[in-house]
Amino acid sequence: MDLVSWTCPRCGNRDDLRVLPGELGFGYPHRGRFDVHDRVRVPGLRRHRGDLRLDISLDRSSWRVPTRVRQPA
């Protein structure tokens with residue numbers, strides 16, 4: 001529930017990342033899991049998992065990321 005996919009509006013590059021307490025984890029989906037390969041510390045970054053959403057806050061800014069329920073393959 002803390003996995004976020006982000007697309008750069010300028011270049012269109014897509015990154016998957018996990019929002020962890022105080023840091024961002026970059027990596028790749030692998031065998032049904034998300035393997036974090038690189039971590040970037042972000043002082044003041046907080047996350048709160050709610051019902052079908054992820055609330056992220058940093059300093060005075062905050063974001064609500066809705067969850068998309070995956071359909072079985």
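Here the CG atom belonging to D55 is positioned 4.5 Å from the CZ atom belonging to R64, to the nearest 0.5 angstrom. To the nearest 0.5 Å, the span separating CD1 on I56 from NE2 on H48 amounts to 12.5 Å.
With sequence neighbours left out, R14 forms a salt bridge (Lys or Arg N to Asp or Glu O under 4.0 Å) with D16. R46 is linked by a salt bridge (Lys or Arg N to Asp or Glu O under 4.0 Å) to nothing, counting only residues two or more places apart in sequence or in another chain. In this structure N13 satisfies the side chain to side chain contact (heavy atoms under 4.5 Å, CB included) test together with C11, D15, sequence neighbours excluded.
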Which donor-acceptor pairs under 3.5 Å do the side chains of residues 19-40 make with protein atoms, sequence neighbours left out?
{"residue": "E23", "atom": "OE2", "partner": "R39", "partner atom": "NH1", "Å": "2.4"}

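When the side chains of ILVMFWY residues are joined at heavy-atom separations under 4.5 Å, either directly or via intervening members, L45 and W6 end up in two distinct hydrophobic clusters.
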